[in-house]
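This chain uses plain numbering: 1 for the first residue, then up along the sequence. The structure displayed is predicted, hence computed values, not measured ones.
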Amino acid sequence: MAGAAMTTTFLAVIGGASLLAVTARRLHPSDRLPSLEGWALADRGLGAGWTWLLLGGTVYTAYTFTAVPGLAYGNGASAFFAVPYTVIVCPLAFVLLSRLWEVARRHGYITAADFVRGRYGSPPLALVVALTGILATMPYLALQLLGIRAVLTAGGLYPPGAAGDLAMVAVFAGLAVATYRHGLRAPTVISALKAVAVFVSLTAVCWLVLDRFGGPGAVFDGAARALGGTDTAHSPLVLTPGQQPAYATLALGSALALLMYPHVLTAGFAADGTRTLRKVSAALPAWTALLALFGFLGIAALAAGVRAPAGGAEAAVPMLVDRLMPGPLAGLVFGSIVVGALVPAAVMSIAAATSFVRNVYVEYVHPTATPKRQVRVAKAVSLTAKLGAVAFVFGLRDQDAINLQLLGGVWILQVFPAVAVGLYTRWLHPRALLAGWAVGMAAGTYLVVREGFSSIVPLVAGSPEIYAGVAALVLNLAVAVAATPVLARLGVPRGPDATDLPSRPRAGRRPPTGANNA
């Protein structure tokens with residue numbers, strides 16, 4: 001059983017998050033009529049501080065803070081791909097997010113599919129971008145609940161049976177209500193508590209670990225011995241040449257995919273300007289340092305002799321915390337990680353609901369829906385998404401959710417050509433992009449399923465292993481590039497370009513016949 005002090009501190013952190021959610025309406029209150037932009041993007045009014053808190057709290061999820069150290073605990077060096085991956089995200093966000101925000105603000109776009117619809121004048125392409133985002137987001141949302149359950153179970157805060165399930169639903173219910181009422185403002189204010197709690201608790205845990213072992217060198221040497229090596233240099237804590245292609249492609253592919261997720265774009269679109277986004281992108285490495293320290297704790301769990309349950313390596317760090325820290329501090333850490341799940345979970349549900357309303361409901365079901373009705377439908381869909389995630393977690397094995405999330409990362413990467421490339425050139429034909437998307441989705445799914453739901457795959461027997469998402473993206477781009485001149489020669493028309501971005505791939509080069517130069 002969890003100690004009384006641990007439980008009290010844990011409940012205090014969760015209670016603080018709930019109280020903050022109640023005050024969300026005071027964050028940039030708006031006197032405007034209800035609008036989807038106001039509910040989903042907080043009227044695009046977040047300054048640099050709030051945007052940094054929200055974007056960092058959205059990108060760095062609770063499951064990340066348990067899965068990365070769990071992977072380090074089980075596999076060693078390969079887990080640290082998450083560090084270069086999140087470093088690569090920062091310059092990409094600096095360039096892509098700020099440019100996409102500028103276009104979205106000027107034309108009233110709320111989702112990536114809105115941009116694709118305006119850029120290419122192609123409703124089918126916009127639809128597949130929206131549906132791919134929703135499809136990839138739902139298992140990611142469910143993983144936040146799995147992260148909560150893993151932490152609570154490891155800390156002895158998750159009673160067996162229905163009582164534990166009800167406790168987790170209760171934790172989630174407060175945020176669901178706040179998000180329903182206040183939209184993106186609710187996770188924004190909670191992100192402030194997440195940042196303070198996580199940074200403080202992680203500093204305390206790392207200090208205790210270093211004090212106990214006598215320094216980082218002793219931690220890595222102890223972990224190396226636990227993994228069967230003689231020292232750090234001759235253990236799974238160092239990448240082998242055969243692991244390097246997988247490590248590099250996983251880091252690059254994950255970085256490209258992250259900025260295509262609807263929840264990340266939603267957090268970015270809520271900023272009050274491009275200058276704000278550039279400042280925030282330059283400051284995101286502080287969150288990356290946090291992630292690296294969580295990975296280090298996975299190594300420390302090995303050195304401390306923590307025995308995580310079979311198939312449950314993500315519980316290694318919570319078990320280490322429970323072993324090393326006094327009850328109140330352990331409760332703070334567990335509460336911090338749980339709050340860390342609530343922020344991205346809320347933003348994910350908002351982003352999925354917004355994509356559905358803007359790019360499915362209004363486009364195909366009710367084109368004349370008023371702003372008030374759009375908000376009402378988005379609220380209902382957001383709540384349904386959360387309930388669906390809860391049912392998903394209780395109805396399927398944990399591994400099923402993880403497998404689907406791995407596929408989701410491969411899938412979301414396939415919208416990169418339409419969104420990111422489209423920011424700089426309209427040369428690619430929308431039907432070619434559709435064909436490339438279909439081929440990339442099929443190839444990525446086949447590769448992952450063929451290897452037993454591993455996202456690291458050999459293209460052919462005996463070849464180096466690489467990230468399946470990158471292989472599928474290369475094939476996607478190859479099809480789109482090859483099909484574009486063919487469609488141009490056949491005279492297949494393009495839709496109109498409603499943006500004011502350049503249509504040509506480079507200055508002075510004439511686009512193919514049939515291209516729209518607006």
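Nearest approach of Ala246 to Ile456, heavy atoms of both residues: CB-CG2, 3.6 Å. Considering all non-hydrogen atoms of both residues, Ala136 and Gly408 come closest at CB-O, 3.5 Å. Listed here is the closest heavy atom pair of Ala482 and Val486: O-CG2, 3.5 Å. Between Phe81 and Ala251 the shortest heavy-atom distance is O-CB, 3.9 Å. Among all heavy-atom pairs drawn from Leu237 and Ala224, the shortest one is CD1-N, 3.7 Å. Closest of all the heavy-atom pairs between Arg119 and Thr425 is NH2-C, 3.5 Å.
The closest side-chain donor-acceptor pair between Trp50 and Ser191, if any, does not fall under 3.5 angstrom.
Proximity of Glu451 to Pro458: side-chain heavy atoms (C-beta onward) are separated by under 4.5 Å at one or more points. Looking at Phe220 and Ile299, their side chains come closer than 4.5 Å, going by heavy atoms from C-beta outward. Proximity of Thr445 to Trp411: side-chain heavy atoms (C-beta onward) are separated by under 4.5 Å at one or more points. Leu324 places none of its side-chain heavy atoms less than 4.5 Å from the side chain of Val205. Contact check for Leu97 versus Leu55: side-chain heavy atoms found under the 4.5 Å cut-off. Proximity of Asp221 to Arg225: side-chain heavy atoms (C-beta onward) are separated by under 4.5 Å at one or more points. In this structure, the side chains of Pro187 and Leu342 stay at 4.5 Å or more apart for every pair of heavy atoms. Looking at heavy atoms from C-beta onward, Phe269 lies out of side-chain contact with Thr111 at the 4.5 angstrom threshold.
Among pairs with a residue in residues 279-290, those fulfilling side-chain hydrogen bond (donor to acceptor under 3.5 Å, both in side chains) read Tyr60-Thr288, Thr86-Thr288, at least two apart in sequence or across chains.
With sequence neighbours left out, the side-chain hydrogen bond (donor to acceptor under 3.5 Å, both in side chains) criterion links Trp437 to Thr132.
The side chain to side chain contact (heavy atoms under 4.5 Å, CB included) with Phe115 is formed by just one residue from the set Val129, Leu265, Val103; it is Val103.
Residue Ile412 holds its CD1 atom at 11.0 Å from CG of Leu259, rounded to the nearest 0.5 Å. Here the CG atom belonging to Leu208 is positioned 9.5 Å from the CG atom belonging to Leu320, to the nearest 0.5 angstrom. In this structure, CH2 on Trp101 lies 8.0 Å from OG1 on Thr276, to the nearest 0.5 angstrom. To the nearest 0.5 Å, atoms NZ (Lys194) and OG1 (Thr58) are separated by 7.0 Å. Note that CG of Asn359 is 8.5 Å distant from CG of Leu131, once rounded to the nearest 0.5 Å. The distance from atom CG of Leu407 to atom CE of Met441, rounded to the nearest 0.5 Å, is 9.0 Å.
Judged by distance alone, the side chain of Tyr247 and the main-chain N or O of Phe80 form a donor-acceptor pair under 3.5 Å. Using modelled atom types, one side-chain atom of Thr249 and one backbone atom of Tyr467 make a donor-acceptor pair closer than 3.5 Å. Within the 3.5 Å criterion, the main-chain N or O of Ser98 finds no donor-acceptor partner in the side chain of Glu102. The main-chain N or O of Leu46 is found under 3.5 Å from a side-chain atom of Thr51 such that the two form a donor-acceptor pair. Judged by distance alone, the side chain of Tyr73 and the main-chain N or O of Val306 form a donor-acceptor pair under 3.5 Å. The main-chain N or O of Leu423 is found under 3.5 Å from a side-chain atom of Arg99 such that the two form a donor-acceptor pair.
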Might you work through the side chain to side chain contact (heavy atoms under 4.5 Å, CB included) test for Leu141 and His263, ending with a clear yes or no? CA-CA 10 Å; Leu141 174 57; His263 63 282; over 6 Å; no

Evaluate Tyr446 against Val457 for side chain to side chain contact (heavy atoms under 4.5 Å, CB included), listing each step before the verdict. CA-CA 11 Å; Tyr446 167 75; Val457 301; over 6 Å; no

Determine, step by step, whether Val264 and Val89 satisfy the side chain to side chain contact (heavy atoms under 4.5 Å, CB included) criterion, reporting the C-alpha distance in whole Å, the side-chain angles of both residues, the deciding distance to 0.1 Å, and the verdict. CA-CA 11 Å; Val264 176; Val89 163; over 6 Å; no

Check the pair Phe294 / Leu202 against side chain to side chain contact (heavy atoms under 4.5 Å, CB included), numbers first and verdict last. CA-CA 8 Å; Phe294 267 105; Leu202 182 61; 3.9 Å; yes

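The environment of CZ in Phe94 is sparse: at most 12 heavy-atom neighbours from other residues, nucleotides or ligands sit within 6.0 Å. For CZ of Arg275, the number of neighbouring non-hydrogen atoms (other residues, nucleotides, ligands) closer than 6.0 Å is 12 at most.
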